[in-house]
Protein chains: 2
Amino acid sequence: MPRRRQAVTIKHVAADAGVSLQTVSRVINAEPNVREEMRERVQASIDRLGYIPSIAAQRMSGSRSYLILALNDRDRTLEAWRARQGSDWVDQMLLGGMLKCAEHGYRMLFELVDTHDDHVERELAATLASLQPDGVILTPPHSDNPLITGFLQSRRVPFARIGSKGKNGGIPIVMGDEDAAREATQRLIALGHRRIGFIAGSKEYSLSDWRKAGWLGAMKEAGLPVDGLCLRGDFSYDSGLAAARALLELSPRPTAIIASNDQMALAALDAAAQMDIAVPAALSIVSFDNTPVTTFANPPLTAIDQPIAETVSCAVELLIAESRGEELLARPVNIPARLIERASTGPVPVAG
Amino acid sequence: MPRRRQAVTIKHVAADAGVSLQTVSRVINAEPNVREEMRERVQASIDRLGYIPSIAAQRMSGSRSYLILALNDRDRTLEAWRARQGSDWVDQMLLGGMLKCAEHGYRMLFELVDTHDDHVERELAATLASLQPDGVILTPPHSDNPLITGFLQSRRVPFARIGSKGKNGGIPIVMGDEDAAREATQRLIALGHRRIGFIAGSKEYSLSDWRKAGWLGAMKEAGLPVDGLCLRGDFSYDSGLAAARALLELSPRPTAIIASNDQMALAALDAAAQMDIAVPAALSIVSFDNTPVTTFANPPLTAIDQPIAETVSCAVELLIAESRGEELLARPVNIPARLIERASTGPVPVAG
DNA sequence: GTGAAAGCGCTAACAA
DNA sequence: TTGTTAGCGCTTTCAC
């Protein structure tokens with residue numbers, strides 16, 4: 001194989017413009033201490049020659065790699081991809097992350113990491129050593145994994161923790177879980193519902209309890225009963241089915257159910273169908289996440305959207321700022337989630 | 001910002017093992033001309049120190065970047081992500097590509113490129129210059145874009161063209177479109193169907209005609225009529241709806257329809273429902289691609305799976321081999337597609 | 001089979 | 001404000 005060289009290097013530009021390498025470097029990096037006249041001359045040469053800096057070389061000498069690394073849970077991501085249930089978590093991450101990276105001349109690289117692996121540190125070390133990203137984005141459940149956050153802190157690599165509030169370093173960013181749960185509950189209350197069941201998610205994710213807290217808060221503020229109305233699932237369809245059935249066997253029966261993710265909401269929908277309970281005539285259902293499946297359900301599910309693209313976009317912005325040594329906003333950052341009303345919710349049934 | 005240095009470099013390993021840098025380099029790259037004893041000694045130092053080569057440095061001096069670049073159409077990809085219809089094309093690419101890359105110590109980087117942009121070449125040049133990937137994967141419609149293929153050829157960058165057969169350089173890889181269309185048609189014929197309609201896809205994609213050719217071939221081999229039974233859509237739901245309605249208004253009516261993608265098949269399903277034609281009792285429907293939506297349709301759609309993950313995995317394998325100067329298989333490579341039978345197909349109705 | 005030297009493209013530190 | 005020098009970590013010559 002022929003040794004592939006850079007076609008146009010900083011040397012060519014320097015020679016062409018009749019300046020030193022350093023001056024070209026300063027222009028590329030928009031550094032101060034360059035006369036406007038010089039800058040223009042150099043820029044002209046850059047444009048004429050079509051010069052593009054090599055990020056490998058920049059990384060070698062400088063402190064920036066122009067790479068942001070997004071780390072997702074290996075098992076869960078592969079499982080979701082293989083199941084082909086239309087979960088678009090990764091796509092939304094790319095949508096938000098890639099576009100924002102591109103704005104700043106960065107690239108986003110996607111990696112999978114084993115959470116439960118004893119070798120997490122070694123795996124992470126290897127990735128950081130070979131890529132040397134300027135920032136790392138952690139998603140649940142990595143965001144709260146002390147092995148990972150501790151390691152990144154020790155390496156002084158800027159990182160964002162999506163779906164996490166704790167003080168484990170980095171930039172915590174939450175997606176409005178509690179507020180949205182409260183808002184959805186209040187909306188159901190406004191529709192006349194009094195007995196509103198809640199299917200919580202796995203304790204492994206912090207957001208499970210935030211979502212529950214939103215429901216609980218709204219119910220208590222309205223002076224409504226909550227005893228026995230909250231059951232815990234684990235985000236799986238099966239766990240949602242069991243929880244929904246149990247809720248629907250209560251007497252008096254809840255007239256609405258909020259499920260902590262779409263799969264469990266789908267299960268609630270099926271449970272209702274099996275028990276001949278019409279949705280939304282006799283039962284309203286609200287789900288969390290708003291993955292594509294919500295629109296294919298029958299009826300389509302009212303859902304709280306998870307603003308993944310916006311969140312990752314924000315994470316990238318903050319990481320780039322931090323890697324440049326800029327000051328950051330107050331923490332944790334909260335990206336609000338919206339309620340998308342579809343056909344699975346309606347007024348409380350008259351006869352209860 | 002402090003200058004971030006590599007923690008453990010090849011120098012540390014060399015010092016630790018008491019050998020030259022060169023010997024360590026040879027061990028890392030599994031090159032010949034190293035005594036087994038030496039190799040073991042160096043490897044022990046590498047393991048003990050937890051040494052990981054910096055890909056930036058490797059790229060700087062050597063000829064490999066350990067990066068494979070996947071290029072997708074910008075507008076179409078963003079539109080799909082924003083529409084949130086559960087298309088998992090990108091996810092399947094990542095599934096196949098990332099895992100295969102990881103096997104070889106490579107990384108896969110995902111980029112979006114404007115097809116219709118006049119600046120394609122400039123955009124591509126910039127990406128190649130800054131990343132210097134060892135291989136590029138093109139997806140439709142980039143695979144047949146002469147501006148892109150020509151540019152990659154001139155730069156001598158190994159590239160794969162997915163969904164393309166033509167002689168535009170690189171490694172063409174097709175996903176069994178014609179064979180699968182033939183097989184699906186034969187399956188319908190075996191179920192007793194005689195009048196089988198076909199909704200073709202946009203001419204912008206070569207695979208549209210391959211799919212049609214498979215249907216046409218099977219029909220002719222079986223001596224069945226095809227006149228008026230093939231209408232062309234553009235892969236959109238609306239175009240599918242129009243085509244399906246037209247087919248269902250024919251007399252005698254087709255008892256089966258093959259749509260060239262899932263959205264058009266979904267439209268056919270809806271057209272049938274609107275015309276009170278039961279599926280599969282009075283009409284069988286087969287779709288192409290097998291995106292997640294097929295399982296959510298009512299009834300779930302029988303579909304020809306598009307083996308994206310496998311195809312990208314294969315592309316990565318071949319690109320890495322080519323970048324190492326190895327010989328390649330015969331071209332074009334064909335990755336077979338399977339027919340997934342669900343509830344939208346059945347025996348031909350007795351009364352026609 | 002192994003090692004020494006040169007250089008990849010770029011930037012930090014320093015000198016002018 | 002500009003230029004010079006010395007690396008960054010690694011691989012490629014080319015000696016031995």
Side-chain angles (χ1 to χ4, degrees), chain A residues 1-42 46 49 51-66 105 126 128-132 134 324-325, chain B residues 1-42 46 49 51-66 105 128-132 134 323-325:
Chain A
M1 280 276 101
R3 184 190 179 94
R4 240 180 5 245
R5 287 223 183 99
Q6 188 94 340
V8 180
T9 73
I10 197 171
K11 280 188 189 169
H12 299 106
V13 177
D16 185 81
V19 299
S20 72
L21 301 184
Q22 190 48 36
T23 302
V24 179
S25 173
R26 289 193 178 105
V27 172
I28 296 167
N29 297 293
E31 280 171 23
N33 298 340
V34 182
R35 263 185 314 165
E36 189 49 32
E37 182 199 343
M38 271 275 127
R39 184 180 305 283
E40 278 166 15
R41 180 142 59 100
V42 172
I46 289 176
L49 301 177
Y51 165 71
I52 302 288
S54 149
I55 68 166
Q58 291 187 122
R59 167 68 268 178
M60 278 298 295
S61 41
S63 44
R64 282 194 288 281
S65 64
Y66 296 99
L128 293 188
S130 75
L131 258 21
Q132 297 175 214
D134 290 339
R324 286 180 176 155
Chain B
M1 281 279 100
R3 185 190 179 93
R4 250 193 341 259
R5 286 220 184 102
Q6 188 96 337
V8 180
T9 73
I10 197 171
K11 280 187 192 170
H12 298 107
V13 177
D16 186 81
V19 299
S20 72
L21 300 185
Q22 188 44 36
T23 303
V24 179
S25 175
R26 289 193 178 106
V27 172
I28 296 167
N29 296 295
E31 279 171 22
N33 297 340
V34 183
R35 265 182 312 161
E36 189 49 32
E37 182 199 344
M38 271 275 131
R39 184 180 304 282
E40 278 166 16
R41 180 142 60 103
V42 171
I46 290 176
L49 300 177
Y51 166 71
I52 302 287
S54 149
I55 68 165
Q58 293 187 120
R59 167 69 268 179
M60 279 297 294
S61 41
S63 44
R64 282 194 291 282
S65 65
Y66 296 99
L128 292 189
S130 77
L131 259 19
Q132 296 173 220
D134 290 337
S323 78
R324 287 181 176 153

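Values reported hereafter were calculated over all heavy atoms of this structure, with side chains retained and with hydrogens, waters and symmetry mates removed.
The distance between atom CD of A/Gln58 and atom C1' of C/dC8, rounded to the nearest whole Å, is 14 Å. Distance CG (A/Asn33) to C1' (C/dA15): 15 Å, rounded to an integer number of Å. Distance CZ (A/Arg59) to C1' (D/dC8): 9 Å, rounded to an integer number of Å.
Nearest nucleotide to the side chain of A/Glu31, out of D/dC8, C/dA12, D/dT11: C/dA12.
Once rounded to the nearest 0.5 Å, the distance linking CD1 of B/Ile52 with OG of A/Ser130 reads 7.0 Å. The line from OG1 of B/Thr23 to CZ of B/Arg35 is 9.5 Å long, rounded to the nearest 0.5 Å. To the nearest 0.5 angstrom, B/Met60 atom CE is 7.5 Å from A/Ser61 atom OG.
Comparing A/Glu36 and B/Ala57 by the nucleotide of DNA chain D whose heavy atom lies nearest to each, the residue mapping closer to the 5' end is A/Glu36.
Contacts of B/Gln22 with the nucleic acid, taken as non-hydrogen atoms under 4.0 Å apart, include base atoms. Using a 4.0 Å heavy-atom cutoff across all strands shown, B/Pro32 reaches no nucleic acid atom at all. When heavy atoms are screened at a 4.0 angstrom cut-off, A/Val34 is found touching the sugar-phosphate backbone but no base atom.
Within the structure, every side-chain polar atom (N or O) of A/Tyr66 is placed at least 4.0 Å from both OP1 and OP2 of C/dC10. A/Thr23 has no side-chain polar atom (N or O) that falls below the 4.0 Å cut-off from OP1 or OP2 of D/dT2. Of the side-chain N and O atoms in A/Ser61, none sit less than 4.0 angstrom from OP1 or OP2 of C/dT11.
Proximity of B/Tyr51 to B/His12: side-chain heavy atoms (C-beta onward) are nowhere separated by under 4.5 Å.
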